[in-house]
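For reference, the structure discussed in these notes is given below.
A quick note: this is a predicted structure, and the numbers were derived from the prediction, not measured.
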Amino acid sequence: EVDSSRARGPAFCYKVGQDDVIEAWALCVRTMRKNERSRFTVAPPHAFGAEGDEGLGVPPDSTIILEIELLKCPAREDLFEDGGAVKLEVKANPDGRFPRPSDEVQVSYKVTVPGHGVIMRQKGSIYKLGGEQIGPLGKVFDKALLGMRRGEEVLLTCRPGYAFASGLYAGESASATLALEEIHEVHDMSLGLHDKSILRKRIREGDGGDRIHDTTTVTIDLLSVTAGERRLLEGRREMSFTVGNGQACDALEASVVGLRAGDEAILKVDSLDACQGGEPALGQAEETPVLFHFVVRKLDKVKEKWDLSSAERLVRARERKEVATELFKRGRIRLACHLYELIADLFARLDFFSADEQGAAAEFRRVANLNRAMCMLKLGDLKLVKELCSTVLAEDAGNTKALFRRAKAAVTLREYPEAIADLERLLELEPGSREGRELLREAKRLRKQTDAQQSGTFARMCAGLGDMPERTDRREDDVVVMPDLEQEMAKIAAQHGLPPMRARPPAAAEPSGAGPSPEPAEA
């Protein structure tokens with residue numbers, strides 16, 4: 001043994017194609033994978049040659065044995081599998097996240113053209129994937145970024161076709177260093193309807209480990225709130241609240257869910273109602289969108305749904321139902337609807353609960369679905385109302401609240417026969433229901449009105465066609481002719497060389513009261 005990095009201590013590091021190593025070393029490493037350990041026998045021409053290496057004690061014309069363990073190597077990727085654009089990993093971050101095709105990201109990059117030096121340089125720039133902001137080179141950036149994690153850096157080498165299509169550098173090759181610093185995820189955080197009335201863009205990712213969810217107590221720094229050119233918040237404000245309890249406005253209640261300590265986000269709120277009802281008390285905004293800018297400072301960890309035992313789920317459901325009921329009374333319909341959805345989700349699988357607990361679990365789920373349907377009637381998602389009520393009726397066919405709410409949604413959707421069937425069933429179960437009778441009377445009136453309108457429309461359509469002339473040409477009428485059986489049987493007999501056959505005459509009707517026919521005589 002003439003040399004060993006293990007004996008010296010630190011691992012041997014070198015740059016491919018730049019450091020002075022023997023030819024065999026470069027050739028061998030190209031065939032290896034990360035964490036692979038291999039032994040190579042190398043002939044003198046590919047080792048130290050006829051001169052040897054006096055410093056290492058290698059005699060001239062020596063065959064050597066290389067034992068190499070590849071501990072770490074940069075990942076190399078041919079982005080378009082044609083050699084036109086190659087990505088070489090410079091800095092890795094195995095714990096980072098990948099961006100999505102439509103995300104905005106924060107990047108730093110430097111583009112160099114041989115013979116011209118650095119021609120483009122940006123630090124902390126906002127770049128939208130698929131936006132084609134920098135011409136043909138943007139296609140290479142997009143492809144590279146989709147395979148990078150936050151915090152990673154790569155070296156891109158581009159042939160002329162992938163660098164510049166026109167201009168001063170057309171036909172030139174280029175290289176670029178590209179660092180992915182932040183991923184600006186955009187999520188629809190609106191409650192209940194998910195109508196994009198509250199959009200959250202995370203502009204900086206923190207280093208916290210636990211995420212915020214329902215019942216988490218969280219502290220945020222509210223940096224700014226603006227509506228158009230008007231500032232609705234002066235200076236920084238610290239806020240602490242328990243998620244889902246209604247202490248904060250809907251915009252903040254919804255948008256903190258899923259974030260970690262240290263995360264920074266911007267909200268774009270298109271609903272003025274989402275800015276009212278809780279902290280911060282901003283007064284009445286007059287225009288949208290309202291923009292919130294905040295940072296999550298800290299949070300108190302609580303158990304998430306999948307960490308709760310069956311008994312703990314029942315306790316949480318009871319507590320959240322009380323909160324949701326109070327929010328509904330206060331007019332916080334969207335937040336109440338969101339809580340009812342979470343309650344029902346606690347009992348998605350009844351087999352998680354013991355036999356003694358399953359009755360209570362099923363009742364919580366039934367009530368949560370019914371109350372969510374009531375919220376959706378107010379919010380206007382009538383198809384979901386019908387779906388939720390049908391789920392309840394599949395378990396409890398005689399649930400009068402589900403029948404009434406489904407009928408009410410059907411009337412609004414102009415599905416009058418379905419509404420009438422549900423209301424008649426309701427009045428069979430609860431004859432004294434005044435609301436049921438009134439809604440049934442209204443459904444029948446509307447059905448009659450619709451039928452009359454449709455009848456009139458059909459009559460007008462027929463009148464528009466006018467009187468059709470009577471057809472006089474009958475030459476193409478189909479004439480049915482009975483075949484001549486005697487002729488047909490004669491043709492068949494002639495074709496097969498048989499004696500002529502006669503069709504058997506129909507049997508004479510036997511007179512009523514006649515006795516049985518005499519048996520034929522034996523031949």
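- Residue-environment remark: CZ (R100) exceeds the threshold of 12 foreign heavy atoms within 6.0 Å.
- Between R236 and D221 there is a salt bridge, with a side-chain nitrogen of the basic residue lying less than 4.0 Å from a carboxylate oxygen of the acidic one.
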Can you give each donor-acceptor pair under 3.5 Å made by side-chain atoms of residues 124-131, sequence neighbours left out, with the distance rounded to 0.1 Å?
unit_1	atom_1	unit_2	atom_2	d
Y127	OH	G138	O	3.2
Y127	OH	D142	OD1	2.8
K128	NZ	S102	O	2.9

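- Checking side-chain atoms of R237 against main-chain N and O of P280 turns up no donor-acceptor pair under 3.5 Å.
- For the pair R320 (side chain) and I343 (backbone), a donor-acceptor distance under 3.5 Å is absent.
- Proximity of a side-chain donor or acceptor of R231 to a complementary backbone N or O of S224 within less than 3.5 Å is not detected.
- With rounding to the nearest 0.5 Å, the separation of CG in D422 from CZ in R406 is 4.0 Å.
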Do L427 and S433 pass the side chain to side chain contact (heavy atoms under 4.5 Å, CB included) test, and can you show the C-alpha distance, the side-chain angles, and the key distance before you say yes or no? CA-CA 7 Å; L427 292 174; S433 173; 4.2 Å; yes

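- Across every non-hydrogen atom of L222 and V225, the tightest pair is CD2-CG2, 3.9 Å.
- With hydrogens and angles disregarded, a donor-acceptor distance shorter than 3.5 Å links the side chain of E357 to the backbone of S354.
- In plain terms, the two heavy atoms of G246 and L327 that are nearest each other are CA-CD2, 3.9 Å.
- T325 and E322 form no side-chain donor-acceptor contact under 3.5 Å, judged by distance and modelled atom types alone.
- No side-chain donor-acceptor contact under 3.5 Å links T242 to the backbone of N245.
- Residue Q453 places its CD atom among more than 12 non-hydrogen atoms of other residues, nucleotides or ligands, all under 6.0 Å distant.
- Between the side chains of D195 and S197, at least one donor N or O lies within less than 3.5 Å of an accepting N or O.
- In summary, E181 and R150 do not engage in a salt bridge, as defined by a charged side-chain N under 4.0 Å from a carboxylate O.
- A salt bridge does not link K383 to D381: none of the charged side-chain nitrogens sits closer than 4.0 Å to a carboxylate oxygen.
- Counting only N and O atoms by type, the side chains of D188 and S190 include a donor and acceptor under 3.5 Å apart.
- Here the straight-line distance linking atom CG of L199 with atom CG of D270 works out to 7.0 Å at 0.5 Å rounding.
- Salt bridge status for K386 with E418: present, with a side-chain N to carboxylate O gap under 4.0 Å.
- Salt-bridge annotation for R202 and E182: absent, with no side-chain N of the basic residue lying under 4.0 Å from a carboxylate O of the acidic one.
- Among all heavy-atom pairs drawn from Q276 and C249, the shortest one is O-CB, 3.7 Å.
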Begin with the C-alpha distance, continue with both residues' side-chain angles, and end with the deciding distance and a verdict on side chain to side chain contact (heavy atoms under 4.5 Å, CB included) for L370 and Y340. CA-CA 9 Å; L370 277 173; Y340 287 131; over 6 Å; no

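- Relative to the six-membered ring of F364, R318 misses at least one condition, a distance below 6.0 Å or an angle of at most 45° to the axis.
- Atom CG of D207 has 12 or fewer heavy atoms from other residues, nucleotides or ligands within 6.0 Å.
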Go through V411 and L446 one step at a time and tell me if the side chain to side chain contact (heavy atoms under 4.5 Å, CB included) criterion holds. CA-CA 9 Å; V411 168; L446 291 171; 4.1 Å; yes

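- Minimum heavy-atom separation, A409 to V385: CB-CG1, 3.8 Å.
- Counting heavy atoms from C-beta outward, L145 and M148 have side chains that approach closer than 4.5 Å.
- Counting only distance, with no hydrogens or angles, the side chain of N369 and the backbone of A373 share no donor-acceptor pair below 3.5 Å.
- With respect to the salt-bridge test (charged N to carboxylate O, under 4.0 angstrom), the residues R211 and E304 do not qualify.
- Side-chain atoms of H184 never come within 3.5 Å of backbone atoms of V105 as a donor-acceptor pair (strictly under, hydrogens ignored).
- For the pair R334 (side chain) and D250 (backbone), a donor-acceptor distance under 3.5 Å is absent.
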R97 vs E185, side chain to side chain contact (heavy atoms under 4.5 Å, CB included): CA-CA, chis, key distance, verdict: CA-CA 11 Å; R97 295 178 299 103; E185 293 181 325; 2.7 Å; yes

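- Taking the centre of each ring, F353 and F347 come in below the 6.0 Å mark.
- Ion pairing of D210 with R260 is absent here, as no side-chain N (NZ or NE/NH1/NH2) approaches a carboxylate O to less than 4.0 Å.
- The two residues L403 and A397 have their closest heavy-atom pair at CD1-O, 4.4 Å.
- Under a 4.0 Å N-O distance rule, the pair E442/R445 qualifies as a salt bridge.
- A cation-pi contact, defined as under 6.0 Å to the ring centre and within 45° of the axis, is absent between K143 and Y162.
- V257 has its side chain out of reach of D214: every pair of non-hydrogen atoms, C-beta onward, lies at least 4.5 Å apart.
- Between R425 and E428 a salt bridge is recorded (basic side-chain N to carboxylate O distance below 4.0 Å).
- With hydrogens and angles disregarded, no donor-acceptor distance shorter than 3.5 Å links the side chain of E438 to the backbone of E435.
- Across all non-hydrogen atoms, the minimal contact from V256 to E253 is CG2-O, 3.8 Å.
- Inspection of the E387 and S390 side chains reveals no N or O donor paired with an N or O acceptor under 3.5 Å.
- Using a 4.0 Å cut-off between a side-chain N of Lys or Arg and a carboxylate O of Asp or Glu, D263 and R204 do not qualify as a salt bridge.
- The existence of a salt bridge linking E238 and R297 is excluded, since no basic side-chain nitrogen approaches an acidic carboxylate oxygen closer than 4.0 Å.
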